[in-house]
Amino acid sequence: MSCRRLPGLLAVVSVAALATACGGKGAGGAAGAAMGGAGGAAGGAAGAAGGATGAAGAAGGGAGTGGVGGAAAQGWGACDLMPAPLPTSGTILELPIAPVLEGQPFVHGEPNVYSTGGTITPLNFRFYVSEVQLLTAGGGTVPVDLVTGDGLLQPYDVHLFIAEDAASHTPRVLAPPGTYTGVSFLLGLNAACNTPNANGRMAPLSATSQMTWPPIFGYLFLRYEARFSADGQDAGAGAAPPPLIIHMGGTPNTSSAPVIRVDGSLTVPATGSVTRGMRVAIDQIFAGATADIDVTGTVLPGEEVEAGERLRRTAAGLPLFSFAP
Amino acid sequence: MALRACGFVIALAVVLAAAGCGEGSPPPAPLLPLVDDRVPAGFPAGSTTTLAPADNALTEARAQLGKRLFFDKQLSRTRQVACATCHLPDHAFSDPNAVSAGVDDRRGTRNAPALVNLAWGEAFFWDGRAVTLEEQAGKPIEHPDEMDLALPDAVARIAADASYARSFTDAYGGPVTEDSLRRAIASFVRVLVSGGSPYDRHLRGDDEAFGEAERRGEEIFLSEKGGCFHCHPPGMLTNEGFFNNGSYDEGGDTGRQMVTNRTGDLGKFKVPGLRNIEASAPYMHDGSLATLEDVVDHYDRGGTGHPATDPAIHPLALSSAEKADLVAFLRALTDRSFLDDRRWIP
């Protein structure tokens with residue numbers, strides 16, 4: 001109740017009042033954004049995205065906009081409920097994510113036919129998206145703020161995709177107008193957010209995220225649970241049933257969230273909003289979770305944790321996400 | 001810093017909303033002593049006051065009015081059943097019977113859940129069919145197996161009771177309506193905060209009442225072997241989700257599926273918070289388990305084994321000593337200061 005309502009509550013407060021109340025670093029960041037967003041972007045992104053480079057001056061038409069500077073000002077090294085000043089300009093880019101299984105829609109809570117025989121009924125599927133960056137033709141990156149449909153900042157600059165909640169399927173960012181070659185993001189949380197204790201945190205980092213783990217273990221980055229039914233069919237000679245539980249993450253300070261890169265042309269207009277659909281391939285998640293990697297001894301015992309660790313190690317190199325055709 | 005600042009913003013918004021109620025609205029009543037702003041250990045920031053929706057800001061007058069309504073049998077068709085008939089304060093506002101007796105001794109199919117720390121809740125009833133306390137509050141009044149009284153009729157009865165008139169004016173600025181009736185009851189439920197158990201004190205660093213057995217039990221609770229934390233994360237002890245915990249068997253209550261119609265939601269029920277669980281027996285959605293020992297045995301067996309059971313539910317192979325430690329931990333969730341609080345009683 002608390003966190004879900006936060007954006008709504010904030011919406012009734014004027015932008016000026018919010019900037020004042022949430023001030024401090026935010027107000028300063030806004031000023032910095034207005035004065036030199038691109039430079040701030042470079043500093044802000046550096047080191048935060050696990051290898052993604054800052055994009056000094058590479059923000060295309062968006063250099064100097066509030067959205068770029070906003071994300072840069074926070075530096076992504078922190079995990080604040082209100083992480084950055086309200087962006088003052090930019091276009092809302094919607095990135096609706098649709099789960100697919102072998103190219104077909106993967107319907108939550110319903111049996112989905114699997115090619116090796118039988119059906120998969122997903123029971124719980126959720127993951128974090130954070131540190132979103134737009135990719136530019138010159139090889140640079142433009143960090144952008146995650147926002148609500150109203151353009152308000154997402155708490156902690158983090159989005160939680162929850163399969164059973166259609167309203168959560170669309171991460172939105174405030175993007176400087178321009179043409180981009182793709183998008184990248186963390187499939188999970190940065191180190192500042194991936195702390196071993198959720199106490200006091202609001203959504204999407206509260207215990208009701210279903211991503212918190214006991215103290216010392218931090219947050220899950222991705223949680224997948226399902227039932228598999230052979231439905232009387234033979235799974236095929238040598239065909240293994242799909243993983244039923246995959247828990248990726250949950251080891252703060254010892255593992256980082258994988259950086260996901262999605263390539264594809266992306267044009268952000270100067271006004272209005274724009275939508276670019278994405279897909280997340282469940283079969284690729286299975287591929288990562290069952291990769292031939294020995295993770296014994298590197299994570300806690302447990303099939304679901306080991307499957308998650310294999311996925312974490314391989315995710316960046318797999319086509320987990322793609323733009324919809 | 002940011003939390004504090006934005007807490008201020010939320011408070012400001014609430015105040016602005018209250019101020020906008022119009023000419024003639026009564027000034028906000030003092031929030032003490034009934035409204036308790038304690039935040040149990042491990043809960044998200046935000047007191048009961050700030051968690052209340054903008055159109056039902058929490059005040060002393062509203063919570064007191066809700067308390068009176070909660071215990072008022074006029075709200076049932078037969079005038080013999082109140083909310084408190086099935087939600088007994090001494091039992092953490094649950095019912096010691098597996099299923100409660102409504103009007104004309106009609107029996108439902110589900111155990112009356114404890115009403116504890118619901119200010120932080122995100123869905124209500126075992127199947128989550130209400131998403132706010134305000135929405136929840138009216139449904140038992142109208143349910144044929146519970147109080148069986150249409151809300152318009154309930155409003156008429158309360159409106160005819162002159163002793164309520166001043167209270168509704170003080171709380172909501174006018175005579176009783178369906179909205180104000182539900183909002184008042186929700187306000188009372190919202191103040192039922194429990195955060196004084198030995199476990200809460202343990203989380204705050206005071207282990208005087210949290211001994212070795214409790215500590216071992218907590219360790220199992222938080223381990224992959226016990227696996228309890230998957231649904232009952234430390235702190236809140238509920239993730240507010242819906243899971244099939246192995247209580248479902250063929251032909252039984254379909255639970256969450258009644259709300260979503262999803263195949264995968266068969267036999268899923270809301271994960272309850274566990275504070276005061278010792279006082280809220282019997283357990284599970286149908287009250288089918290009489291004791292905490294039965295609950296631990298249920299999970300140790302892996303539930304009923306029905307194919308719809310969540311894949312995380314499987315036999316645990318707990319030893320007798322481990323089971324005893326788990327029960328000791330669960331008993332450490334008992335908050336006597338909550339159970340003995342006479343403010344809840346008219």
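Atoms considered below: every heavy atom in the structure, side chains included; atoms not considered: hydrogens, waters and symmetry mates. Below, chains carry the letters A, B, ... as their sequence lines are ordered, and counting in each starts from 1.
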Asker: In terms of heavy-atom proximity below 4.5 Å to chain A, should Asn261(B) be classed as side chain, backbone, both, or neither?
Answerer: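 For Asn261(B), the backbone is the part near chain A, not the side chain.
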Asker: Measure the OG-CD distance between Ser206(A) and Glu122(B) for me, rounded to the nearest 0.5 Å.
Answerer: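 Result: 6.0 Å between the selected atoms.
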Asker: Taking all non-hydrogen atoms of both residues into account, name the closest pair between Pro233(B) and Thr212(A) and its distance.
Answerer: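 Shortest heavy-atom contact: CB-OG1, 3.6 Å.
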Asker: What do the steps show when you test Arg262(B) against Val107(A) for side-chain contact (heavy atoms from CB on, under 4.5 Å), and what is the final call?
Answerer: CA-CA 10 Å; Arg262(B) 288 188 183 119; Val107(A) 182; over 6 Å; no
Asker: Where does Ile245(A) contact chain B at under 4.5 Å (heavy atoms): side chain, backbone, both or neither?
Answerer: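 The side chain, not the backbone.
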Asker: Please check: side-chain N/O of Arg227(A) versus main-chain N/O of Pro311(B), any donor-acceptor pairing under 3.5 Å?
Answerer: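 No.
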Asker: Within a 6.0 Å radius of atom CD on Glu135(B), are there more than 12 heavy atoms belonging to other residues, nucleotides or ligands?
Answerer: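 Result for CD/Glu135(B): enclosed.
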Asker: Tell me the closest heavy-atom pair linking Leu222(B) and Pro214(A), and the distance in Å.
Answerer: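 Looking at all heavy atoms of both residues, the shortest contact is O-CG, 3.4 Å.
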Asker: Taking it one step at a time, do Phe243(B) and Asn124(A) satisfy side-chain contact (heavy atoms from CB on, under 4.5 Å)?
Answerer: CA-CA 9 Å; Phe243(B) 292 86; Asn124(A) 197 0; 3.7 Å; yes
Asker: Gln210(A), His108(A), Glu225(A), Arg223(A): which one forms the most heavy-atom pairs within less than 4.5 Å of chain B?
Answerer: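 The option with the most such pairs is Gln210(A).
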Asker: Write down the atom of Arg201(A), the atom of Pro44(B), and the distance for their closest heavy-atom approach.
Answerer: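 The answer is O-CB, 3.3 Å.
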Asker: Of the non-hydrogen atoms in Ala207(A) and Asn239(B), which two are nearest, and what is the gap between them?
Answerer: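 Nearest heavy atoms, Ala207(A) then Asn239(B): O-CB, 3.6 Å.
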Asker: Given that the side chain runs from C-beta out, which part of Ala41(B) has a heavy atom under 4.5 Å from chain A: side chain, backbone, both or neither?
Answerer: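 For Ala41(B), no heavy atom lies under 4.5 Å from chain A.
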Asker: Looking only at heavy atoms, what is the nearest atom pair of Thr208(A) and Met236(B), with distance?
Answerer: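 Where Thr208(A) meets Met236(B) most closely, the heavy atoms are CG2-CE, 3.9 Å.
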Asker: Could you check if a side-chain atom of Glu304(A) sits within less than 4.5 angstrom of a side-chain atom of Glu224(B), using non-hydrogen atoms only?
Answerer: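 Answer yes - side chains close enough.
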Asker: In Å and rounded to the nearest 0.5 Å, what is the CD to CG distance from Glu110(A) to Asp265(B)?
Answerer: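 If I round to the nearest 0.5 Å, the distance is 8.5 Å.
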Asker: Between Thr121(A) and Gly264(B), what is the shortest heavy-atom contact and its length?
Answerer: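 Between these two residues, the closest heavy atoms are CG2-CA, 3.7 Å.
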Asker: Mind checking whether His247(A) and His230(B) have parallel, tilted or perpendicular rings, split at 30° and 60°?
Answerer: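 Tilted.
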Asker: Could you look at Ser223(B) and say if it's the side chain, the backbone, both or neither that has a heavy atom under 4.5 Å from chain A?
Answerer: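 For Ser223(B), there is no contact with chain A at all, as no heavy atom is under 4.5 Å.
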Asker: Could you tell me which portion of Phe43(B) (side chain, backbone, both or neither) has an atom closer than 4.5 angstrom to a non-hydrogen atom of chain A?
Answerer: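 For Phe43(B), the backbone is the part near chain A, not the side chain.
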Asker: Heavy-atom cut-off 4.5 Å, strictly under: side chain, backbone, both or neither for Glu164(A) against chain B?
Answerer: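 Both backbone and side chain.
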